[in-house]
Structure formats: C-alpha cells, structure tokens
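In listed order, ligands and their atoms are each counted from 1.
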Amino acid sequence: MNATIADRAQAAYLGLAIGDALGATVEFMTPGEIRHKYRVHRDIRGGGWLRLKPGQVTDDTTMSLALGRAILTQGGRVEALACAQAFEAWMRAKPVDIGNTVRRNLVTFRHSGNPVAPPSEHDAGNGAVMRILPVALATIGEPVERVSTAIRAQAHVTHHNVLSDGACDTLVAMLHAVLEKIGAGGTAQDLRHFATVLVARHAEYTFDGKLRDNPSGYVVETMQAVFQAFFATTNFEDCLIDVVNRGGDADTTGAIAGMLAGAFYGLDAIPRRWRRALDPNVRDACLVQAQALLAIRS
Ligand code: MN
Ligand code: MN
C-alpha cells in the first residue's frame, strides 16, 4: 500500500459513491431478507425500494457533490450560508431520496434564511456525517479549531446535535489520519483509537459488543455498523460487503464505510466490476471534485 494523497482522496470519493450504489439495493431490508434474496449481496445492480437504475446513487453522494461544489465556489471555505443554499437548490431539483431531518431543516431555512438549525436532540440522524467527505478533503492540514468550525458549519445546516457532531469529528479525524499520516504498512487497527475516543465521550457509541445488524438512520447505529465492518475486515471489498449485508440504512453505512475504506486501501483496491458499474457521470464528478478540493486548499 503506497498510495498518494490524491489517490486516497479519489478512492474515498469513489468509495462513497460505490457504497451508496451498492447499499441502496438492500436499504431497509433485514439481513435475513437479504440472505433469502441474494445469499450475499455483492454486486451493484440497482433496484431496491427506490427502484434505481444499476449504478445510480442516492442523496448520500449527490448531497456530498452539492456540498463540494459550494466549498469550491467559496474558494475552499466551508460557509454555512453557501452550504444551506446548495442543499436547498439540491432539494428543489427533486432528489431520488431525502432524509426527514434534512427536509425539515431545509424547509425552515427556506423561510428563515438562517443557515444554522437550532440544537435538537431529535436531529441525531446520519445525514450530516454521510456527506462530510468534501469538508475532510478541503481541510487537510488545517488547525483543529478551523477543522471543527468547518465541520459544524456544514453539519448544523440540518443536524445540530452533539452525537452527530461527534461522528463527524471522528470520521474527519480518521480520514485526515489516513490521508496525511498512515502510509505504507498501516493497518485498520491504527485507526481504532479514534473510535475509542468517541466511545469515551459518548458511551452510546460502544461498538465492541454484539453485531450491529439492521442499523437505522440513528447516527450511533450507523457508525457502530461502520466501525464493526471496517475493523473486522482487511480490504475494501470485504468491508463494503460486510456492512451492506447488515441491511437497514445500507446505502448510508455503505457510503460512510466506502469513503473510509476507499481512503485507507486506495484506488487499486476498489474492484473493477464496481468501478465499471457506477454511473459514469457520477464516477467522473467524484474523481474531478476530489482533485479540485485537494488543489484549492490554502
Ligand atoms: Mn440515500
Ligand atoms: Mn440511507
């Protein structure tokens, strides 16, 4: 494993889209239903409750791309108002799916013009963390306070919640560690302490117990499934197959595991059949935006 930052950034973005497209087929199914229908679900084939075309992605990827464009338009800065406007325009374009918390807080923004949602204990969904990748790419090497401010600027447009913030902070810290520091010879276990810190801060996130099957959109269950799959496997393909076959919010666990495993294992580790199956316009947009976000860093 000897990938450059650019390679890992592109693999993270491709991993996000591939995990989304792969998982969407089995979103809201139980592991038993998935086993009955596919034995093991391992191919990008579309379908699912959204009746997707093979290779089509959902909100996890398209919100990330919208966020990334807003960051690029702002010269690399993550500004709440620009993020809110980008998400609002994304919602108006009738996306294939949209989370309840995202919809509610964007409708509020439409009327108030205030891009910061009020803090809410009900907003502990996974909608802010699933689209965090462009922020991670735009803030590599920045001081921790600036990273934290950028994370909250995008997250609080729709999810103003400490559990969501904790997941966003942890995932960005892991991505930064992979992109900047963990080079050849690192193992997935080198990232375990980031998850341990999150559990120490919020005990809800404990993930070393029983298998987290059927992870819901609650950010805690989503991240438990992602951590378990990432730490139990040793390559990109196994990690994604593990996480999406748990069912539940499988497009989003797939997207988050995909960005992390993509960054960690690099482009060469992504199976060709998945690269080929992904919508080529999405694939190109992800690759181009990953490069652009790296290039715009101040
Ligand atoms: Mn989705
Ligand atoms: Mn989902």
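- Donor-acceptor pairing under 3.5 Å is lacking for the side chains of Asn105 and Thr108.
- Both tests do not hold together for Arg212 against Phe227: distance to the six-membered ring centre under 6.0 Å, angle to the ring axis within 45°.
- A ring-ring contact (aromatic ring centres under 6.0 Å, His included) check over residues 29-49, counting only residues at least two apart or in different chains, returns the pairs Phe28-Trp49, Tyr38-His41.
- Aromatic ring orientation, Phe264 versus Phe230: perpendicular (interplanar angle above 60°, classes split at 30° and 60°).
- With values rounded to the nearest 0.5 angstrom, Asp279 atom CG is found 10.0 Å from Thr61 atom OG1.
- Excluding waters, the set of protein N/O/S atoms under 2.8 Å from the Mn ion (ligand 2) reads Glu27 OE2, Asp249 OD1, Asp251 OD1, Thr252 OG1.
- A cation-pi contact links Arg192 to Phe231, judged by a cut-off of 6.0 Å to the six-membered ring centre and 45° from its axis.
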